[in-house]
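As C-alpha cells, the structure follows; a few thoughts come after it.
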Amino acid sequence: MPTWRAAQQPKGAIHSAEIAYAFDSLNTSTFSGGPQTTAADHAVARRMNSCWVAFAKAPVTAKSLTCAEGFVWPARTAQNDAIAVFGATPKLEKAAPIVAENVRNFPAAPAPSASR
C-alpha cells in the first residue's frame with residue numbers, strides 16, 4: 001500500500017485498491033491516482049501490469065510468467081505456495097502467512113438483515 005494511503009487505511013489496502021496498479025492507470029484513477037502518487041507508485045504499477053499482461057498472453061501450459069525487469073512468477077501449485085508481492089522490488093512470499101494476516105485485520109461483516 002502506498003505510504004500516502006496509510007493514514008486513511010491503517011489496516012491495509014481495501015478490496016480493489018490494486019486495480020489501478022494492475023491496469024497501470026494511476027493517471028486516470030480517481031481513487032488510487034492523482035497528484036499524491038509518486039514515481040515509486042508508477043514503477044509498481046508498471047511492474048504489476050507487466051505480470052497481468054504476461055498472464056493474459058501466456059499459454060495454458062505455462063509454468064511461470066516473466067514480467068518486467070526479469071521478475072519470474074512461478075505458477076502456484078500444491079508444492080509451490082508462493083505469491084507475488086509488489087513493492088519497490090517485486091518478490092515471492094509464502095501465501096499462508098499473508099492470507100492469515102489479512103483475515104485477522106479484515107473487519108467482520110455485519111450479520112445479514114432479516115428484512116431487505
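Along the sequence shown, residues are numbered consecutively beginning with 1.
For the atom pair CG (Asn27) and CG (Asp41), the distance works out to 11.0 Å, reported to the nearest 0.5 Å. Here the CH2 atom belonging to Trp73 is positioned 12.0 Å from the OG atom belonging to Ser64, to the nearest 0.5 angstrom.
Between the side chain of Arg47 and the backbone N or O of Ala88, at least one donor-acceptor pair lies under 3.5 Å. Judged by distance alone, with hydrogens and angles left aside, the side-chain atoms of Ser25 form no donor-acceptor pair with the main-chain N or O of Thr28 at under 3.5 Å. Side chain of Ser50 to backbone of Ala68: a donor-acceptor contact under 3.5 angstrom is found.
In the hydrophobic cluster analysis, where Ile, Leu, Val, Met, Phe, Trp and Tyr join through side-chain heavy atoms closer than 4.5 angstrom, Ile83 is grouped apart from Val72. Hydrophobic clustering (side-chain heavy atoms under 4.5 Å, transitive across Ile, Leu, Val, Met, Phe, Trp, Tyr) groups Val44 together with Phe55. Put simply, Leu65 and Leu92 are part of the same group of oily side chains (I, L, V, M, F, W, Y) that touch within less than 4.5 Å, one to the next.
Using a 4.5 Å heavy-atom threshold, the side chains of Phe71 and Thr66 count as separate. Looking at heavy atoms from C-beta onward, Leu26 lies in side-chain contact with His42 at the 4.5 angstrom threshold. The side-chain heavy atoms of Asn49 and Tyr21, taken from C-beta on, include no pair separated by under 4.5 Å.
Inspection of the Thr77 and Asn80 side chains reveals no N or O donor paired with an N or O acceptor under 3.5 Å.
Residues satisfying the side-chain contact (heavy atoms from CB on, under 4.5 Å) test with Asp81, not counting sequence neighbours, are Arg76, Lys94, Ala95, Ala96.
For residues 52-61, no pair satisfies side chain to side chain donor-acceptor pair (under 3.5 Å), with sequence neighbours left out.
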